[in-house]
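Step one of this worksheet: look at the structure below.
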Amino acid sequence: MTRRPFIAGNWKLNLPPEPAAEVARKLRHLLADRGNVDVAVFPTALSITAVLDCLQGTGIEVGVQEVHPAASGAFTGANSPAMARKIGCTRALVGHSERRQIFGETDRGVNQKVKACLAHGLLPVVCIGETLEQRQADQVDLVVHGQLATALDGLQPDQLSALTLAYEPVWAIGTGQTATPDQAQAVHASIRGWLRAHFPAYVAEEMRIQYGGSVKPANAAELLRCPDIDGALVGGASLDPDSFAGIITAVG
Ligand code: PGA
């Protein structure tokens, strides 16, 4: 089957409301005739409404970078998945390696957040990936399969169609050191194999698996040509509308 490519921009803690709106306005123009590709941006929470205003009616989706498992309550500083959905976000990043490394996110926490997203109609983009030490110790499959097993624990097969996976080797994020297409394809195939072993066949067939880690216009096409790479989660290069649009047109 052919899976529709999905390119997402993770703006991290960059672009306050007015500059974020400016990038969104440029994307609106640059991506007016994009091909057969899904596109989403993940602004910092404080810029989401400004970006939503600019992208209304374009089909370019807006997501939240982080959610808390609870919809409301005494959780100072947290983002509610229910509120994110209510204001117009359609997706949420869950388990990004920066959340895991800097903020102590655990696989169990990822699982709770995935369930909360699903309960409130947000489509989760679940990030997994190994560190350099884990790769050097030949533990890539062990690590990503373990992250997946806990992240997806307790989900029914038909719930998985709401999910996207993002394989992001930690050593490739923000370093300029992209995984080669062969390295990335090998892990994507291994992830799809794990899904095939644990869920009905259609789940593995339909699941979109993005690659993330120093994706740029110059390397996007060759990565996306790999049979198990269905999109990209783009950090640095998504802050510049021309380069983000260049990635999308390279695959659209
Ligand atoms: P990068 O970030 O493209 O800047 O490497 C990717 C990510 O963190 O999702």
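Counting starts at 1 for both ligands and their atoms, in listed order. On a predicted model such as this, the values are computed, not experimentally measured, just so you know.
- Proximity to Ser214 (heavy-atom distance under 4.0 Å) selects the following atoms of ligand 1: 1 (P), 3 (O), 5 (O).
- Using a 3.5 Å distance cut-off with no hydrogens or angles, the side chains of Tyr167 and Glu130 do pair a donor with an acceptor.
- Among all protein heavy atoms, the one lying closest to atom 6 (C) of ligand 1 is Gly235 N, 3.5 Å.
- Considering every non-hydrogen atom in both Ala21 and Val51, the closest pair reads N-CG2, 4.5 Å.
- Salt bridge status for Asp153 with Arg108: present, with a side-chain N to carboxylate O gap under 4.0 Å.
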Audit row: Asn111, Thr150, side chain to side chain donor-acceptor pair (under 3.5 Å) steps and yes/no:
CA-CA 6 Å; Asn111 180 250; Thr150 311; over 6 Å; no
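- Near Gly213, meaning under 4.0 Å from one of its heavy atoms, ligand 1 places the atoms 5 (O).
- With a 4.0 Å heavy-atom cut-off, ligand 1 is reached by the side chain of Asn10 but not by its N, CA, C or O.
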Using a 3.5 Å cut-off and no angle test, enumerate the donor-acceptor pairs between side-chain atoms of residues 245-252 and protein atoms at least two apart in sequence or in another chain.
unit_1	atom_1	unit_2	atom_2	d
Thr249	OG1	Ala245	O	2.9
Thr249	OG1	Gly246	O	3.3

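- Here the protein heavy atom with the shortest distance to atom 4 (O) of ligand 1 is Gly236 N, 2.8 Å.
- Considering backbone and side-chain N/O of His96, one or more are found under 3.5 Å from N/O of ligand 1.
- Considering Gln210, Glu168, Gln177, Lys216 only, the shortest heavy-atom separation from atom 7 (C) of ligand 1 involves Glu168.
- Trp171 and Thr131 make their closest contact through CD1-C, 3.8 Å (heavy atoms, listed as atom of the first residue, atom of the second, distance).
- Under a 4.0 angstrom heavy-atom cut-off, Gly212 registers as lying outside contact with ligand 1.
- Annotation for ligand 1: atoms under 4.0 Å from non-hydrogen atoms of Gly174 are 1 (P), 4 (O), 5 (O).
- The part of Ala172 lying near ligand 1 is the backbone, judged by heavy-atom distances below 4.0 Å.
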List the steps, then state whether salt bridge (charged side-chain N to carboxylate O under 4.0 Å, His left out) holds for Glu18 with Arg25.
CA-CA 10 Å; Glu18 194 36 51; Arg25 275 191 289 273; 2.8 Å; yes
